[in-house]
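Notes for the one structure printed next.
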Amino acid sequence: MSEEERADILLTGGHVWTGLDRPDPIDTVVVRRGRIVATGRAADLAWARGPRTRVIPLAGRLLLPAFQDAHAHPILAGLEMSRCWLAGDPDVPTAYLRTIAEYAAEHPERPWVEGGGWSMAAFPRGVARATMLDKVTGSRPAYIETRDGHSAWVNSAALAIAGITATTPDPPLGRIERDERGGAVGTLHGAAMGLVSRCLPGVGAQEWEEALVRGQAELHRLGVGAWQEALVDHVHQATYLTVLGRGQLTGRAALALLWDHGRGPEQVAGLVARRAAVSAIDPARLHANLVKVFQDGVVESRTAAMLAPYLDGAGRPTVGRGSSVYHPDALRAMFVALDGARFAIHTHAIGDRAVRETLDALTAARLTNGPRDGRHQVAHLQFVDPADQPRFRALGVIATCQPSRARREGRLEELTRSLVGPARADAMYPYGSLARLGASLAVGSDWPAATADPLGVLHVAIHRAAPERPDLEPLGPAAERLSPEVVLRAYTRGSALANGLDDTGTIEPGRAADLVVLDRDPLAAPGRSFAQARVLLTMVDGRVVWEDPRPSA
Ligand SMILES: [Zn+2]
């Protein structure tokens, strides 16, 4: 045998979870020139070991396909990581204010205090006040987004610069929190954020590129080899192309181009041109075959579109059911045009009415254009009416789950519960039902709105409870828990399908060598938690993109 036929990398001697439906038990994977060339038993693959082969022992470990995130914002996360980021703090105002004060003192050169990562759960009724922020920022304007990016906390200087007064109307799809006299108190929701964010100093091209590389490195550290960038404008697109051109895109990225809310289906031709520009270079590494559409907001600010009304603080129904971003007729026309142009449509839908309208529009697209392997996907799925749950399978629509939120989490959940009542709250995130009904599942973390750590997310998906909060009861009925097998498949093969990276997602000969090694095997015994494992190594295309520098046990 010639040296060229030997393995570059041989992973051997442990549990290999392949993601295949009927896997043969194997303990060895042979990687050459970036691809998996053989799998099997060590004794049968002894030929693959040559003098230049790197041997990675798997004894007591677990080898998986690299995780894929089907909904994340690594470029924004990378930017946030370099700014005032509150998600690591306890969700109480004093902790936030301490971090903001420190950041402001450390960065006197920045004209604005910019950041994110706070939770509405930290404040009474979710409303953060400008006057609190003024105490630590003084006259310097401040703009700090919530962890989910759907609301912002601003100070008095920012309100003044933006010209927001008691007479400023709420913009369409936005809301300014006000006092009794109509004055803005410091929290802006949805489109109202734009009143201030348009005044922020711009982010330069180099800053964006550094943000992408930083976000990518963090994903690799967590075992993620590929992801879908779930909201891509022209700047993000240019950033990806630059980083790819420099050879610095070590992961794979599927770009979901943001639908311009201000325009109609006439914009499809422009999206097609952008797709062609992005996908021309190395489509197995970077493509833009997706379009992102928002059909509603979030429950906490009552902007999720619900079938039944929200409740007031005393448990009585209000008149509000949240607002759909698009009228159902408009959504249908958009989806017919996008599907006709062979885009995969990725829709943000949190409320059960938004989910229904999305499925209705996808049905119309299918009827008009005929069935195809469209890879359309609906993300978040906090509320899905039981009548709509079988439609995912029937329509071939991917359910992009966000299991990190499918748990009790103290005050944020109390806020949600107070707005929807106990019955709807207990039925949130019906991922077990969707799986049983045959929906194709993917996992999207929504990082930085929530953790991107697959091991922590796996724990929550399996237990419906957070590893760090064993004191809280699981969320909802046990039937909504996902088995380790189902959620692992969703996080690898299922997300690869959603990301349109068909060369990845399973361990089998011919696939790209996108792999991850865990330091232990949580599948070996029931009750072991993924949350206790750590990622030793992440590989993309046969190249090690992250390796734990700590000695392994
Ligand atoms: Zn998102």
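Heavy atoms only: backbone and side chains are in, while hydrogens, waters and symmetry mates are out.
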* To do: Verify whether one side chain among E209 and Q248 offers a donor that lies under 3.5 Å from an acceptor in the other.
  => no

* **Over 12 foreign heavy atoms within 6.0 Å of CZ, R393** => no

* **Exam field: side chain D446 to backbone A72, donor-acceptor pair closer than 3.5 Å** => no

* Asked: Do any N or O atoms from the side chain of R375 and from the backbone of I345 form a donor-acceptor pair under 3.5 angstrom?
  -> no

* Between Q228 and H346, a side-chain donor and acceptor under 3.5 Å -> yes

* Asked: Hey, is the main chain of T416 close enough, under 3.5 Å, to the side chain of E300 for a donor-acceptor pair?
  -> no

* Side-chain donor-acceptor pair under 3.5 Å between T358 and Q295, yes or no? -> no

* For atom CZ of R342, is the number of surrounding heavy atoms from other residues, nucleotides or ligands below 6.0 Å larger than 12? -> no

* To do: Report yes or no: do E485 and W17 form a side-chain donor-acceptor pair below 3.5 Å?
  => yes

* Inspect the surroundings of CZ in R302 and state if more than 12 heavy atoms from other residues, nucleotides or ligands are less than 6.0 Å away. => no

* How close do Y310 and V298 get, heavy atom to heavy atom, and via which atoms? -> OH-O, 4.5 Å

* Asked: Is it the case that more than 12 heavy atoms not belonging to Q206 sit under 6.0 Å from its CD atom?
  -> no

* Asked: Is there a donor-acceptor contact under 3.5 Å from the side chain of Y491 to the main chain of L455?
  -> no

* To do: Taking R285 for its side chain and T250 for its backbone only, find out whether a donor-acceptor pair lies under 3.5 Å.
  => yes

* Asked: Does a side chain donor of either D260 or Q267 reach within less than 3.5 Å of an acceptor in the other side chain?
  -> no

* To do: Could you tell me whether H71 and H380 have their ring centroids closer than 6.0 angstrom?
  => yes

